[in-house]
Amino acid sequence: MSVEDLYLWLEDVTGEDALGWVRTRNDETLAELTTGARFAELRDELREVLDADDRIPYVRRRGEFLYNFWQDASHPRGLWRRTTLESYRQAEPEWELLLDVDALAEAEGENWVWQGATVLRPAYRRGLVELSRGGADATVVREFDLDAHEFVEDGFTLPEAKTRIGWIDEDRVYVGTDFGPGSLTSSGYPRLAKEWRRGTPIEEAVTVFEGKPDDVSIGAFHDPTEGFERDFVSRAIDFYRSELHLKTPGGLVKIDVPDDASASVHREWLLVRPRTAWTTGGTEHPAGSLIAIGFDAFLAGDRDFTTLFTPDEHTSLSYWAWTRHHLLLGTLRDVRTELRTLTPGPGPGAWTDEPLAGGPEFGSADIFDTDPDVSDEYLIDSSGFLQPSTLSYGHVGEEVEVLKQAPAFFDASGMSVAQYFATSEDGTKIPYFVVRPSGAEGGPTLLTGYGGFEVSLTPSYSGMVGRGWLARGGTYVVANIRGGGEYGPGWHTQAIKAERHRVYEDFAAVAADLVTRGITTPSRLGIQGGSNGGLLMGVMLTRYPDRFGAIVSQVPLLDMRRYHLLLAGASWMAEYGDPDEAAEWEYISRYSPYQNVHSGRTYPPSLFVTSTRDDRVHPAHARKMVARMREQGHDVRYHENIEGGHGAAADNEQLAFKWALVFEFLWEQLTK
């Protein structure tokens with residue numbers, strides 16, 4: 001039996017009535033949480049972290065320069081700038097300013113938020129800059145001259161849309177955007193990929209590929225690697241299934257791998273990572289492995305792959321990155337990073353495998369950047385829960401040089417990190433990390449998790465959590481529940497669609513284990529998560545309310561009956577299921593928070609945070625949930641940033657404010 005939705009009017013994102021409701025709720029929440037001294041202290045301390053001048057200015061190489069985007073108190077919208085490696089080695093590099101987003105926003109009267117730039121290889125003189133209004137996913141595109149430091153008059157320019165664009169050469173680009181009715185998929189992403197030539201109107205762009213309306217998105221891209229120039233078309237069928245086609249003079253040639261596998265081409269190599277076991281050439285390649293073959297040989301029919309990585313019950317492949325002559329692998333062993341260097345030999349299958357310098361215990365080390373067109377250099381960013389980031393530079397086979405070290409934003413002396421395993425309902429061991437000061441046993445604890453889309457939560461340093469929580473005596477816990485990718489594709493696929501309940505059982509098991517071990521008590525256990533993690537918080541609220549003392553749900557999915565009809569929701573049906581299918585709605589309906597919050601029940605105090613400008617997860621999820629909870633008389637509060645996009649904050653001031661609000665709420669509720 002369906003229940004009438006009395007709050008559909010809150011789906012009108014910028015409607016007068018809906019925004020009036022938002023402003024009233026905001027006023028109530030701010031009056032409760034922002035008037036005390038602790039909130040002001042939290043906000044100011046967090047802003048110091050975000051604006052600190054001695055943060056690492058992370059860079060990416062493009063040709064002879066290292067590029068950085070920088071935000072601080074004087075430049076809240078940010079500076080796009082570049083320097084040389086020689087200068088970057090200095091304590092105070094000399095930066096060449098390319099674009100001042102604050103000045104641009106002021107001059108144009110727009111709330112511009114930087115969303116990146118695609119720079120034309122190999123000369124790196126022209127870029128396609130993307131800017132959004134208020135942090136939305138939709139962007140405007142403008143061509144930029146990196147030598148002249150200015151936008152190109154009459155260059156490639158596109159109005160606001162969820163655009164995919166990339167260079168072919170200086171006079172051509174591949175573009176997918178909103179070309180008008182029928183040009184977008186049901187998920188709101190480009191359905192058409194076109195080739196657009198300089199000096200011609202966008203209406204004359206030539207269609208390269210046309211996807212189906214229920215595809216997630218379509219794209220085309222050019223690989224300009226010298227000697228290996230190629231063009232490809234990609235078709236995302238759903239979130240986990242895709243096709244890759246080689247564009248040839250005779251038409252498109254499909255790369256014949258399973259549609260749930262990840263395939264990529266680099267120079268002479270084709271790499272494939274199956275998400276489910278794949279038998280080809282008489283060999284079965286397990287899910288989560290990485291296999292390689294010569295690309296031309298594969299197109300000619302060869303299927304004799306070389307296995308580069310095989311997972312086991314403790315180890316999964318996290319990512320890979322090419323240098324000029326080597327392949328670098330990042331693996332996770334019980335959620336701890338290990339790095340490897342693989343080198344192709346002179347003959348088929350003759351790859352060597354050696355370790356690469358890794359990260360700290362209970363930490364992570366990520367290959368931040370490489371220069372695969374030119375050299376074997378790499379940048380590694382390593383950190384841990386209690387170890388600030390270190391950015392190191394090296395070449396494969398040579399010593400590693402420390403380039404930059406981040407400051408410590410909180411005193412970690414006396415704090416410890418431990419890893420434990422909880423047992424979920426089906427007997428699966430669920431790892432989680434506990435970070436705490438000495439003497440914190442039984443005290444306020446903040447537990448977070450995500451559990452979706454094969455996203456792994458690895459140990460990392462957070463000055464925000466450090467100052468806002470740990471330094472004030474709180475315990476911080478990260479749960480590596482199923483739905484994520486910590487143990488490879490199987491860790492994720494065990495918990496999709498009809499098996500989604502395992503995500504929530506895992507998280508609830510970690511909560512119970514924290515109490516059993518004496519780390520905290522239910523009344524002092526707070527939880528926080530965003531997006532899919534916000535859905536997780538909503539399920540914990542409605543299904544396991546007695547296990548928690550406070551709940552924060554940020555930019556969440558909550559109305560799973562209508563999620564596929566709102567913004568990008570249709571693109572996630574491979575994860576959750578289709579609520580219009582009776583059999584699938586039957587299992588979705590069991591956990592959908594909006595349909596499972598009821599009057600006459602006791603729920604822990606809750607805070608919902610979202611953004612008007614989030615054009616990925618619709619703000620109506622949080623709006624409607626709070627409206628229904630208020631109607632039922634529950635202890636709930638709400639804050640919606642009018643800007644901010646899916647991060648719910650458009651600049652450092654807003655970000656510090658948002659997190660101060662979250663921490664203030666948790667401290668207030670968990671120390672009663």
Can a donor-acceptor pair be found between the side chains of [X] and [Y] at a distance below 3.5 Å?
X: Y487; Y: N480; answer: no
X: E94; Y: S87; answer: no
X: Y638; Y: N26; answer: no
X: H314; Y: D334; answer: yes
X: R82; Y: Y67; answer: yes
X: E377; Y: Y393; answer: yes
X: E575; Y: H492; answer: yes
X: S132; Y: Q115; answer: yes
X: E505; Y: H501; answer: yes
X: R613; Y: N641; answer: no
X: S375; Y: R324; answer: no
X: S424; Y: R502; answer: no

Side-chain touch T428/T423, heavy atoms, less than 4.5 angstrom: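 They are not in contact (no side-chain heavy atoms under 4.5 Å apart), so the answer is no.
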So [X] and [Y], would you call those rings parallel, tilted or perpendicular, with 30° and 60° as cut-offs?
X: Y88; Y: W95; value: perpendicular
X: W659; Y: F663; value: tilted
X: Y591; Y: Y504; value: tilted

Aromatic contact, [X] with [Y] (centres under 6.0 Å):
X: W469; Y: W667; answer: yes
X: F657; Y: H639; answer: yes
X: Y450; Y: F507; answer: no
X: Y461; Y: F385; answer: no

Member of L329, D381, L356 meeting the side chain to side chain contact (heavy atoms under 4.5 Å, CB included) criterion with I367: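 Among L329, D381, L356, the one meeting side chain to side chain contact (heavy atoms under 4.5 Å, CB included) with I367 is L356.
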Positive for side chain to side chain contact (heavy atoms under 4.5 Å, CB included) with T331, one of W320, F309, Y319: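 The side chain to side chain contact (heavy atoms under 4.5 Å, CB included) with T331 is passed solely by F309 among W320, F309, Y319.
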Charged N-O contact under 4.0 Å between R81 and E96: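 No, R81 and E96 are not salt-bridged.
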R38/E41 salt bridge by N-O under 4.0 Å criterion: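 Salt bridge absent between E41 and R38.
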Pairs meeting criterion salt bridge (Lys or Arg N to Asp or Glu O under 4.0 Å) with involvement of residues 452-467, two or more places apart: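 Sorted pair list: E48-R467, R273-E454, R275-E454.
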